[in-house]
2 protein chains.
Amino acid sequence: MARKSERKADLIVAAQRAIAEHGSAVRLNQIAEAAGISSSAILYHYPDIDVLLVEANRAGMERFYNERLNMIASITDPAERLALTISLGVPRGADDEEVRLLCSLGGEAARNMIYAVLLTSLYDRQVGMYQNILDLGVRQEVFTLAQDSLTIARNLVALEDAYGYRIMAKHPTLDYASAVELILDYARLATASALPAPNKSGHVTPIRSKEN
Amino acid sequence: MARKSERKADLIVAAQRAIAEHGSAVRLNQIAEAAGISSSAILYHYPDIDVLLVEANRAGMERFYNERLNMIASITDPAERLALTISLGVPRGADDEEVRLLCSLGGEAARNMIYAVLLTSLYDRQVGMYQNILDLGVRQEVFTLAQDSLTIARNLVALEDAYGYRIMAKHPTLDYASAVELILDYARLATASALPAPNKSGHVTPIRSKEN
DNA sequence: GAAATTGTTGAATTTGTGTTAAAAAACCTT
DNA sequence: AAGGTTTTTTAACACAAATTCAACAATTTC
């Protein structure tokens with residue numbers, strides 16, 4: 001019983017790796033190779049490969065979103081939380097598997113309704129996440145919004161997405177640190193708040209480290 | 001002599017349509033169908049299909065960039081030029097073939113060096129285009145930049161790109177007009193300038209219409 | 001307008017991919 | 001450990017796509 005769903009989870013991870021490596025037009029054999037089993041074995045668990053691909057992409061999106069939610073949950077200061085959220089929304093490098101998956105999906109969404117819905121939902125949830133942070137900052141009087149929070153939130157997520165693509169394409173001068181700084185610059189302008197600069201590792205200093 | 005290159009131009013257009021419809025993993029047969037000839041005939045002109053695909057994508061990018069340059073050339077007012085450039089950088093709908101092509105490419109760039117270079121070059125040229133407009137506006141004292149022009153230009157192109165993807169995915173509330181307005185909102189904030197609002201058609205009013 | 005060239009087609013071949021079924025292996029269960 | 005179930009593999013097959021090539025059609029050249 002549990003074995004079956006464990007195996008399925010393995011296959012989803014393998015499919016994610018395969019999609020990241022070969023694109024959304026990945027072949028069954030390539031997924032099988034990534035999973036280390038024969039293609040027939042995959043077909044045993046997923047008679048329809050499209051189902052596996054959708055689940056793999058959905059799971060990747062879900063993980064990307066939830067990981068960030070968990071990371072920022074412990075940060076109470078709105079400015080710090082905003083900066084951390086931004087720094088977590090940009091891939092560290094072209095080899096970031098999660099963002100690679102999302103970028104593969106972008107083009108597919110123009111053709112495939114399911115992926116369009118999934119990506120749109122992810123975008124909207126990320127917008128909601130930023131709106132929460134912005135509104136929190138307003139209530140605590142650390143942010144003074146130059147635009148309504150929906151506008152700022154939509155633009156922040158859009159910037160994240162776009163710089164993800166730039167980093168995937170290995171832009172020679174626009175690396176992780178510059179991308180985060182570019183988004184932070186917009187956030188500073190829109191919130192009239194001096195957001196903390198990321199440290200060397202690219203992340204803002206977690207609140208806990210203040211105790212040292 | 002001329003016939004040969006005319007034919008090749010036809011095939012490039014056909015390939016662009018086929019890529020927009022079927023994605024970057026488009027089949028030779030699908031290109032042949034789009035071109036209305038047999039697959040062997042295509043192979044006669046392009047023994048290596050990858051060469052055709054690269055040329056098709058490159059030509060699509062080139063056209064997208066040059067079209068905008070031509071459209072904005074006649075506008076002398078920096079604010080109008082900036083607004084028009086923004087309105088031309090966002091697809092009118094999910095069926096926009098040029099942007100569809102670019103979106104297909106986004107995911108491919110993570111895997112294929114050639115496409116990474118092409119897309120990066122397009123991005124940088126668009127950034128340069130915006131920087132020219134911004135610097136012009138500063139010299140004419142209609143813009144007061146809140147950030148350096150490279151930062152603003154990079155963010156403007158990034159916003160364009162990202163909203164292109166959203167529109168391709170048929171976001172239910174984020175359509176062409178809202179996307180343009182979102183980008184304009186950032187541009188207004190960054191230039192401290194009240195940029196003209198787009199008219200009903202989504203374009204800003206061309207300067208010539210003032211003579212009416 | 002005949003010959004040479006250029007361009008296109010359709011059929012044959014090869015290769016890759018997905019699908020299926022029977023047999024083998026791994027794994028429970030009692 | 002025997003029997004039954006689940007999972008996996010191997011091999012055969014079907015099908016689609018890429019590639020090649022000989023024949024044919026169109027175009028150019030003289």
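Proteins get letters first, then strands, A, B, ... in listed order; numbering begins at 1 in each.
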Checklist line | Length of the CG-P vector between Leu53(B) and dA18(D), whole Å | finding: 10 Å
Margin query: Could you work out, with side chain to side chain donor-acceptor pair (under 3.5 Å) as the rule, every residue matching Glu21(B), not counting sequence neighbours?
Written below: none
Item checked: Contacts of type side chain to side chain contact (heavy atoms under 4.5 Å, CB included), residue Ala41(B), not counting sequence neighbours -> Ile37(B), Ser38(B)
Notebook entry, point to check: How many Å lie between CZ on Arg7(A) and C1' on dT9(D), as a whole number?
Noted result: 13 Å
Checklist line | Arg68(A): partners by salt bridge (Lys or Arg N to Asp or Glu O under 4.0 Å), with sequence neighbours left out | finding: Glu160(A)
Notebook entry, point to check: Tyr163(B) and Asn155(A): side chain to side chain donor-acceptor pair (under 3.5 Å), yes or no, with the steps?
Noted result: CA-CA 9 Å; Tyr163(B) 287 126; Asn155(A) 278 342; 2.7 Å; yes
Next item on the list: To the nearest Å, give me how far apart CD (Glu33(B)) and P (dT9(C)) are.
Entry: 14 Å
Next item on the list: State which of dT6(C), dT6(D), dT10(D) makes the closest approach to the side chain of Ser38(A).
Entry: dT10(D)
Next item on the list: Figure out the CD1/C1' separation between Ile37(B) and dA26(D), and round it to whole Å.
Entry: 14 Å
Next item on the list: Could you tell me the separation between the OH atom of Tyr46(B) and the P atom of dT8(C), rounded to a whole number of Å?
Entry: 13 Å
Notebook entry, point to check: Think His45(B) has a side-chain N or O under 4.0 angstrom from the OP1 or OP2 of dT8(C)?
Noted result: yes
Notebook entry, point to check: Applying ring pair (Phe, Tyr, Trp, His ring centres under 6.0 Å), which residue pairs with at least one partner in residues 24-50 of chain A are found, sequence neighbours left out?
Noted result: none
Notebook entry, point to check: Tyr44(B) OH to dC24(D) P: how many Å, rounded?
Noted result: 18 Å
Checklist line | Nearest-angstrom distance from the residue atom CD of Glu6(B) to P of dA26(D) | finding: 19 Å
Next item on the list: Quick one: list whatever passes salt bridge (Lys or Arg N to Asp or Glu O under 4.0 Å) with Asp10(A), sequence neighbours left out.
Entry: Arg7(A)
Notebook entry, point to check: Do we see a donor-acceptor contact under 3.5 Å between the side chains of Ser178(A) and Asp175(A)?
Noted result: yes
Notebook entry, point to check: What residues, two or more places apart in sequence or in another chain, satisfy salt bridge (Lys or Arg N to Asp or Glu O under 4.0 Å) together with Glu98(B)?
Noted result: Arg63(B)
Note to self: Going by ring pair (Phe, Tyr, Trp, His ring centres under 6.0 Å), name the pairs with one or both residues in residues 95-128 of chain B, residues two or more places apart or in two chains.
What the structure shows: His171(A)-Tyr123(B)
Check: What integer distance in Å separates Asp48(B):CG from dT20(D):C1'?
Finding: 16 Å
Note to self: Using a 4.0 Å cut-off on heavy atoms, which residues in residues 11-18 of chain B reach DNA chain C? List them by number, or say none.
What the structure shows: none
Margin query: So if I define the base as every atom that isn't primed, P, OP1 or OP2, how would nucleotides 14-21 of chain C read as a B/S/- string at a heavy-atom cutoff under 4.0 Å?
Written below: ---SS-B-
